[in-house]
There are 4 protein chains.
Amino acid sequence: MLEAAKAVFITSGVDAPAKEIADLAGVGVGTLYRHFPQRSDLVKAVFQREVDACVAAGPALSANHAPGTALTEWIDRYTEFLATKRGLATALHSGDPALEALPAYFMERVGPTLGALLDAAAASGEIRADVTPRDLLLAVAGLCAPVDHEGAAFSRRMVAFLMDGLRYGAVPPEPRG
Amino acid sequence: MLEAAKAVFITSGVDAPAKEIADLAGVGVGTLYRHFPQRSDLVKAVFQREVDACVAAGPALSANHAPGTALTEWIDRYTEFLATKRGLATALHSGDPALEALPAYFMERVGPTLGALLDAAAASGEIRADVTPRDLLLAVAGLCAPVDHEGAAFSRRMVAFLMDGLRYGAVPPEPRG
Amino acid sequence: MLEAAKAVFITSGVDAPAKEIADLAGVGVGTLYRHFPQRSDLVKAVFQREVDACVAAGPALSANHAPGTALTEWIDRYTEFLATKRGLATALHSGDPALEALPAYFMERVGPTLGALLDAAAASGEIRADVTPRDLLLAVAGLCAPVDHEGAAFSRRMVAFLMDGLRYGAVPPEPRG
Amino acid sequence: MLEAAKAVFITSGVDAPAKEIADLAGVGVGTLYRHFPQRSDLVKAVFQREVDACVAAGPALSANHAPGTALTEWIDRYTEFLATKRGLATALHSGDPALEALPAYFMERVGPTLGALLDAAAASGEIRADVTPRDLLLAVAGLCAPVDHEGAAFSRRMVAFLMDGLRYGAVPPEPRG
DNA sequence: CATGAATGAGCCTTCATTCAT
DNA sequence: GATGAATGAAGGCTCATTCAT
């Protein structure tokens with residue numbers, strides 16, 4: 001059912017008719033409403049599942065790579081995640097009052113993960129220090145949104161440019177005396 | 001009537017009820033349909049008006065500024081344009097078949113203007129040379145999309161990072177022998 | 001359209017599907033909703049038309065009959081009115097929050113008419129003085145409600161008993177010295 | 001379960017969702033349907049329980065009071081019964097074909113009880129003789145229906161008026177030679 | 001040409017009812 | 001026998017779109 005919802009969200013957007021989701025999942029609409037009384041409950045559930053994997057990747061990366069590389073790799077993964085889950089990105093800003101809590105939930109969950117990677121990379125002087133996780137999360141999401149006809153390659157290229165932009169303003173650490 | 005449509009598109013999105021637009025314009029819905037039989041006709045018309053102003057700004061800037069500055073300023077203006085006309089950006093990728101032609105039209109109109117600015121800036125070695133107008137146009141549009149709660153300031157900041165990214169990979173011109 | 005609504009209210013109750021009314025009236029549901037956005041608007045409109053005739057009968061009766069007779073005749077007419085418009089009587093107490101304002105409206109309209117008749121009859125000593133218009137209006141409505149299988153004859157007979165009850169406790173006016 | 005049904009019928013009417021009743025009774029809906037396959041079965045069951053108590057009160061009253069007093073007291077009790085069991089009264093005339101048999105059952109059960117009281121009171125000349133149990137049962141039920149906002153006090157007062165009406169036309173018994 | 005009333009398709013949502021566990 | 005998840009029919013309501021005036 002979550003699978004069905006995800007699929008429909010991608011193809012028809014978050015505002016797709018409930019029936020479409022129910023049909024694809026092979027259940028009645030009633031069942032859908034029983035499990036997810038609010039539309040946002042469904043979106044949130046789909047979101048959560050996807051987001052968790054993203055969050056989980058953080059620690060492993062920072063343990064096995066240099067700060068800058070870890071950050072880049074994580075962003076790559078996040079890009080992949082967004083580029084594949086088209087439609088969910090826009091759900092973050094749908095304006096639907098029932099979905100208003102979603103971005104906050106998302107930030108709360110993913111923010112710390114990215115925050116750790118950013119801090120480490122900034123501390124090692126590889127990127128500028130004045131970027132918040134929120135900034136990057138939203139910006140990358142935006143860069144992945146237009147991908148309809150461009151494909152993931154476009155997204156990756158644009159994100160790479162953005163990351164370069166963070167390096168451009170980096171402040172190298174003081175050389176030790 | 002175009003004014004009304006623009007206003008409604010901004011506040012209620014491109015899918016807003018036709019009546020809302022007609023009311024704001026002070027006309028009947030019939031009149032709206034007479035002039036714009038298809039919803040996309042209206043979107044297109046609004047778009048064109050906005051786009052034209054954007055295009056017009058190009059020559060003046062390149063005539064009065066150094067290439068890099070001209071580019072930055074134009075992008076600033078474009079950012080402003082997008083940040084203000086919220087909702088139209090997403091219309092570019094709405095999936096509605098009737099609107100499918102819009103991005104192409106947009107590229108065709110604005111592409112050359114930005115292309116000239118990019119070429120000049122690349123030739124002077126201020127930015128990398130492997131960025132197409134399409135790349136930048138879409139990327140900036142993406143960066144402006146999430147702005148709901150962030151405001152134009154966020155957009156401008158992210159766009160600045162992206163532009164820094166272009167500088168990061170710049171190749172200085174060969175010094176002439 | 002009001003005719004259709006009245007007919008459906010009588011046969012299927014005030015909670016009848018909107019479509020049923022629309023079909024009978026030969027219009028689309030949209031038309032119904034345009035004219036009567038709230039269900040209660042429709043009920044009220046039907047009510048109003050019927051009630052007005054009732055109200056209008058008051059002055060004529062009190063001008064041409066003795067107080068007690070005028071009252072009895074008016075109640076007869078009201079009984080007739082209710083007995084015919086079955087279903088509307090129950091609407092006065094449907095519990096539907098949207099219809100909650102209806103009884104108040106009804107009382108406001110009919111109350112004064114009956115009030116005048118009651119006062120006159122009480123002043124002449126023909127009936128007891130401690131009955132309010134509201135009392136009688138509701139009581140008679142109640143007596144007319146069960147009529148499904150009894151028919152108007154039953155209603156009239158019961159109302160007559162009730163009116164007798166008012167006479168039973170009457171206080172004759174002081175004989176003048 | 002009958003208790004729960006009664007409670008819900010009072011607060012939410014006879015058309016209340018089955019789930020509401022099941023929840024209040026602390027059972028699953030399935031259990032409800034097992035015991036009462038038809039909605040009317042449930043209504044009937046609730047009815048019967050209540051009605052039986054009413055019937056039982058008759059003999060005791062006529063044994064311990066004068067005919068007129070016994071009648072008045074029983075009607076008081078019946079009024080109480082109806083005023084408390086709001087919603088059931090209207091169910092008697094809901095139009096639902098499955099409930100059509102209910103009024104007949106009710107009359108059959110309660111009719112004789114009230115009949116005995118009426119006959120006694122008429123024989124003693126306290127009330128008129130041309131009132132049937134059915135008349136009074138329905139009339140009192142009607143007078144108790146509007147009680148939503150009036151409360152039981154209103155019902156009692158109106159019923160008292162009606163009883164006065166019966167006294168108004170009473171024929172005193174011939175004095176014995 | 002402008003108008004806005006009328007239409008009805010389509011989506012949301014609620015529940016009565018069934019049935020596998 | 002009890003349970004409650006699943007089902008889908010039914011009704012409310014909202015517009016997009018047409019067309020008589």
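Just so you know, these numbers use all the heavy atoms, side chains as well, and skip hydrogens, waters and symmetry mates. Every chain is numbered from 1 and lettered A, B, ... according to where its sequence line falls, protein lines coming before strand lines. On a predicted model such as this, the values are computed, not experimentally measured, just so you know.
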*Taking only side-chain nitrogens and oxygens of A:Arg34, does any of them come within less than 4.0 Å of OP1 or OP2 of F:dA5?*
yes

*Taking all non-hydrogen atoms of both residues into account, name the closest pair between A:Leu24 and A:Ala4 and its distance.*
CD2-O, 3.7 Å

*How close or far is atom P of F:dA16 from atom CG of B:Asp41, stated in whole angstroms?*
15 Å

_I'd like to know if the side chain of B:Asp52 and the backbone of B:Arg49 have a donor-acceptor N/O pair within less than 3.5 Å._
no

_If you compare all heavy atoms of B:Ala5 against all heavy atoms of B:Val46, which two are closest, and at what distance to 0.1 Å?_
CB-CG2, 3.8 Å

*What pair of heavy atoms forms the shortest contact from D:Val29 to D:Lys19, and how long is it?*
CG1-CA, 3.8 Å

*For E:dA20, what is the paired nucleotide under Watson-Crick or G-U wobble rules, both distances under 3.5 Å?*
F:dT3

_Closest-nucleotide mapping onto DNA chain E: is B:Val27 or A:Pro37 further toward the 5' terminus? I mean the 5' end._
B:Val27

*What integer distance in Å separates B:Glu20:CD from E:dG4:C1'?*
17 Å

*What nucleotide among E:dT7, F:dG8, F:dG12 has an atom nearest to a side-chain atom of C:Thr31?*
E:dT7

*DNA chain F: 5'-proximal contact among B:Gly30 and A:Gly30 (nearest heavy atom)*: A:Gly30

*When you measure from the side chain of D:Arg39, which nucleotide among E:dA16, E:dA2, F:dT3 comes out closest?*
E:dA16

_Testing the basics here: between C:Phe9 and C:Val14, what is the closest heavy-atom pair and its distance to 0.1 Å?_
CD2-CA, 3.9 Å

*asked:* Strictly by Watson-Crick or wobble contacts shorter than 3.5 Å, is anything paired with F:dA9, and which nucleotide is it?
replied: E:dT14

*Identify which nucleotide among E:dA2, F:dC13, F:dT18 has an atom closest to any side-chain atom of B:His35, counting heavy atoms from C-beta outward.*
E:dA2

*Of all the choices, E:dC12, E:dT18, F:dT17, which nucleotide is nearest to the side chain of A:Tyr33 once you look at every atom?*
E:dC12

*asked:* Just the rounded figure in Å: distance from C1' of E:dA16 to CD1 of D:Ile21.
replied: 12 Å

*For atom CG of D:Asp23 and atom P of F:dA2, their distance in whole Å*: 17 Å

_Listed nucleotide nearest any side-chain atom of D:Pro17, set E:dA6, E:dC15, F:dA16_ = E:dC15

*From OH (A:Tyr33) to CG (A:Leu42), nearest 0.5 Å*: 10.0 Å

*Nucleotide nearest D:Val29 (side chain, heavy atoms from C-beta), chosen from E:dT17, E:dA9, E:dT13*: E:dT17

*Give D:Ala16 one of three labels, base, sugar-phosphate or nothing, depending on what nucleic acid heavy atoms sit under 4.0 Å from its own.*
sugar-phosphate

*In whole angstrom, give the distance that lies between atom CZ of C:Phe36 and atom P of E:dA6.*
10 Å

*Find the distance A:Lys19:NZ to F:dA10:C1' and express it as a whole number of Å.*
14 Å

*Select from C:Gly26 and D:Ala18 the residue whose nearest nucleotide in DNA chain E is closer to the 5' end of that strand.*
C:Gly26

*Taking CG from B:Asp15 and P from E:dG10, how many angstroms apart are they, rounded to a whole number?*
17 Å

*Please give, in whole Å, the distance from E:dC1 C1' to B:Leu32 CG?*
15 Å

*Touch check for A:Ala25, heavy atoms < 4.0 angstrom, all strands: base, sugar-phosphate only, or nothing?*
nothing

